[in-house]
Structures are given as C-alpha cells and as structure tokens.
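A short write-up of the structure that comes next.
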Protein chains: 2
Amino acid sequence: MTLGFREDGFLDRTDWRILALLQKDARITYRELGHAVGLSAPAVAERIRKLEDRGVIRGYRVDIDWKNVGLPVEAFIRLTTPREASRRVSAQLQQIQEIMGCWRVAGPDSFILRVGVSSMEHLEWLIDRLARFGQSVTSIVLSTTFAERLVETLPMDWKTHSPSHEPS
Amino acid sequence: MTLGFREDGFLDRTDWRILALLQKDARITYRELGHAVGLSAPAVAERIRKLEDRGVIRGYRVDIDWKNVGLPVEAFIRLTTPREASRRVSAQLQQIQEIMGCWRVAGPDSFILRVGVSSMEHLEWLIDRLARFGQSVTSIVLSTTFAERLVETLPMDWKTHSPSHEPS
DNA sequence: ATTGAAAGTAAGGTCTA
DNA sequence: TAGACCTTACTTTCAAT
C-alpha cells in the first residue's frame, strides 16, 4: 500500500526517502535516487527543486572532520552577557574564526558556542578573548555520540506513549 | 606561481579553496571546481579522493531547515548523569529521535544534547523522558547566529595577537 | 529520446627528491 | 629512477529539453 501523501502536512513518504538518501550522501545522482524510490530521474529532480524552493533543503555541505585538519579540540562554551549587549556581541562573535556554531538562547545564558581549536593553549586564548563579553563556562567535548542525526521521518509517536512506560 | 605546498603540514592552498567551495555547495561539479582553482576536472577529483581517503572529508550532507519540516523548536539540553552510567545512557540517547546531536563532555555536565521538537508540549514530554537519566537544564534557542561556519583556512593568527588588544 | 555536460579511466608529461 | 601531480583524450554515465 502506498499511504502517506502529506502524512504530516508537509512531506510525503517519497520526499522523506529522498531526504534520507541525501542526508547520507548529498552527491548521489538523480538517477540513483530515482532508482531507489521508484521514480524517474527528472521526477526526482523536480521534487528536489520543490524542496529547495520551499526552503526545506537549504543547500548541500561537505562534512569535514576538523580533528583531521588541525582542530583536534572541540568544546561548548556558554556565554552570559549583559542583556542589552546581545546584538553587538552577536556581531562580534561572528568575527571569531574559532566559533563553529553560535546560538542565542533563552535562560540565564545568552549564547551557546560550539568551538574548534588547535590545542588547549589555543582554547585558553579563546576563553580569554571571550572574557570581555561576559562570563563563560566551557565544556570540553570528550566524544561525539553523533553530531547529525539521520532523520527518516518526523517523530510522531511522542503523544501516544508516556515516558514513564519505557524500559530502564 | 603556485606557492603554499603543505603550508600547515596538512592541506595546501588549493585543497582549502576546494573545501571552501564544497562547504558552500557540495554538489558543485568537478569541472566548476577545477575552473575556480585553475586545475582540470580529473585533478580536482583526485585531490578530493585523497581528502576522503585521509578522513578530512567525511561525506556530503544535505542541509535541511528543520523548522520548515515540522520541527520549529530547537533547544540545547545539558544532562548530568551518574558517572558510571554514561556508556549505557549514551546508547539510550541514540534511540531518542528528537536528539539531533549528542556530545559527552568533561565537567559537571555529562552530555550536551541538541534537540529539535514540534512544539513546547513536545519539548516538555522530551524533558520528562530524559528525567530518568539524571538532571537536565534546557536552553531554548531564540535564534541561530550561525550553525556552521565557512572555514577557509586554519585560524593561525591567535598566537600573534593578544585578546586584550582588540577593539571594543 | 536526443543532446550536451559531467564523471571516470587511461596514457603520458614534468618536476623533484 | 621513483613518485607526486598534473594534462589531454576518450568512454561511459548523467541531466535536461
């Protein structure tokens, strides 16, 4: 049975299969993609074009292992700044090359930063550099369980089963 | 003139230019890439193959805007678990679809999670589900300054200028 | 379905250690 | 001379009208 056109109001089952394959390998050809989902290459290309137009697909990125390019130390830094400074701080944080990701968050912290550095000495330098924006707390990454989950469909079962029913 | 063979002991200038272009668009053709860096397509393909073999390039991923696919709420959750439980917890966290990224960190926190959910109610459910692993602190993302920096070369100037010399 | 573009393969040239 | 790196030419596969 087919089932599942617009299951979630947005993407049908074929769209999700295409997205799953593109998450694994964004350089896959339309032909292979079509073969995998049972469509012609032009049909797949058209679907992908629509996903791009709708803003679902933002682009395609190479996945670089920074620890193999001289940035072996990774950390999260949460930064607390004076509330009124956040716009200015945000602009300045963008100038700092070591910051790989930067999010403004609600709560006592102002920003969460994901950083990549070449050494502990380098990290120390970075923390000192951030000091003038406010207080920071650094958590050095010991290991990455996963940095990017493969999402094959929306999590939809959460309403049906209660957390307390799960096995320990 | 060429210049820059193994400037940093790892990648030469051409490798970095290729990586920069692949970060912007991982589906760019070898021909375009070659044109941009002044090489033939097979030469570029060969360089990329070597970067893959060396583990610098891990793969190619589609960049999906999850807020356009039914996951409008993003948050970071730091989770503190009993030390001895971390291996078991790590395995169980992988089963939770809502967790988009999961890192084991040093310090008082055990894990940092990046999650994507469909609603505040969904987030509440997730937090409850995480409760049995230990204590959690949730920071809801207000805005993303940037989630993935374009890295065009290694940050190498950090040793030369002191943080205190920067403009305010 | 046809046609141009891209990828993959093979053969050969240059430079350097 | 061996190897790293490049080029051109050719064949096969892919994308798009």
Side-chain angles (χ1 to χ4, degrees), chain A residues 5 10-72 148 150 152, chain B residues 1-65 68-69 150-154 156:
Chain A
F5 289 2
F10 294 99
L11 308 181
D12 68 16
R13 213 156 121 269
T14 302
D15 286 331
W16 276 110
R17 292 175 70 195
I18 290 170
L19 286 178
L21 290 162
L22 286 173
Q23 285 173 76
K24 290 179 203 163
D25 175 16
R27 285 185 68 89
I28 188 173
T29 64
Y30 295 152
R31 189 173 178 277
E32 278 184 277
L33 228 27
H35 180 77
V37 304
L39 289 178
S40 68
V44 168
E46 177 63 8
R47 273 174 181 267
I48 289 178
R49 198 190 55 71
K50 283 180 185 165
L51 289 169
E52 290 167 348
D53 289 348
R54 290 164 62 188
V56 171
I57 293 178
R58 206 151 28 190
Y60 308 89
R61 320 281 166 222
V62 65
D63 177 7
I64 296 174
D65 192 346
W66 297 110
K67 76 174 183 314
N68 288 341
V69 200
L71 297 173
E148 214 82 50
L150 170 62
E152 314 221 41
Chain B
M1 57 129 199
T2 329
L3 205 152
F5 293 177
R6 307 286 105 102
E7 279 173 1
D8 46 59
F10 294 100
L11 307 181
D12 68 15
R13 214 158 118 271
T14 302
D15 287 330
W16 276 110
R17 291 174 69 195
I18 290 170
L19 287 178
L21 291 163
L22 286 173
Q23 286 173 76
K24 290 179 202 162
D25 175 16
R27 285 184 69 88
I28 187 174
T29 64
Y30 295 153
R31 188 171 179 276
E32 278 184 277
L33 229 25
H35 180 76
V37 304
L39 287 178
S40 66
V44 168
E46 178 65 7
R47 274 175 180 267
I48 288 178
R49 198 191 54 72
K50 282 179 185 166
L51 290 169
E52 290 167 349
D53 289 349
R54 291 164 63 187
V56 171
I57 292 178
R58 210 154 23 193
Y60 308 89
R61 319 281 167 224
V62 64
D63 178 6
I64 296 174
D65 192 346
N68 288 341
V69 201
L150 169 62
V151 179
E152 314 221 40
T153 183
L154 277 188
M156 279 176 307

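Rounded to an integer number of Å, the gap from CG of B/Asp53 to P of D/dC5 is 13 Å. To the nearest angstrom, P of D/dA4 lies 16 Å from CG of B/Leu51. Here the C1' atom of nucleotide D/dA15 and the CD atom of A/Glu46 are 14 Å apart, to the nearest Å. Rounded to whole angstrom, the span from the NE2 atom of A/His35 across to the C1' atom of D/dA15 amounts to 18 Å. What separates CG of A/Leu39 from P of D/dA16 is a distance of 16 Å, to the nearest Å. Computed from coordinates, the B/Leu33 CG to C/dA5 C1' distance equals 16 Å when rounded to whole Å. Across the protein-nucleic acid pair, B/Arg31 atom CZ and D/dA15 atom P stand 16 Å apart, rounded to whole Å. Following rounding to the nearest Å, A/Ile48 (CD1) and D/dC14 (P) show an atom-to-atom distance of 15 Å.
Residue B/Lys50 places no side-chain N or O under 4.0 Å from the OP1 or OP2 atom of D/dA4. Residue B/Ser40 places at least one side-chain N or O under 4.0 Å from the OP1 or OP2 atom of D/dT7. For D/dA4, the OP1/OP2 oxygens have no side-chain nitrogen or oxygen of B/Arg47 closer than 4.0 Å. Phosphate contact (OP1/OP2 of C/dA7, side-chain N/O of A/Arg27, threshold under 4.0 Å): present.
The 12-atom threshold is not exceeded at CZ of A/Arg31, counting heavy atoms of other residues, nucleotides or ligands nearer than 6.0 Å.
When distances are taken from the side chain of A/Tyr30 to each of D/dC14, D/dA16, C/dG8, the shortest belongs to D/dA16. The side chain of B/Thr29 sits closest to C/dA7 out of D/dC14, C/dA7, D/dT7.
Under the 3.5 Å distance criterion, the side-chain polar atoms of B/Arg27 are left unmatched by any main-chain donor or acceptor of A/Tyr60. A/Asn68 contributes a side-chain N or O that, together with a main-chain N or O of B/Gly55, makes up a donor-acceptor pair within less than 3.5 Å. The closest donor-acceptor contact from the side chain of A/Glu152 to the backbone of A/Arg17 lies at 3.5 Å or more, if one exists at all.
Between B/Leu11 and B/Leu154 there is no side-chain heavy-atom pair separated by less than 4.5 Å.
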Parsed dot-bracket for DNA chain D after applying the Watson-Crick and G-U rules with both distances under 3.5 Å and | for other-strand partners is |||||||||||||||||
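Checking B/Leu22, B/Leu19, B/Val56 one by one against B/Ile48, the side chain to side chain contact (heavy atoms under 4.5 Å, CB included) holds for a single residue, B/Leu22.
In plain terms, the two heavy atoms of A/Arg47 and A/Ile18 that are nearest each other are CD-CD1, 3.8 Å.
Nearest-nucleotide positions on DNA chain C for B/Glu32 and B/Pro42 put B/Glu32 closer to the 5' end.
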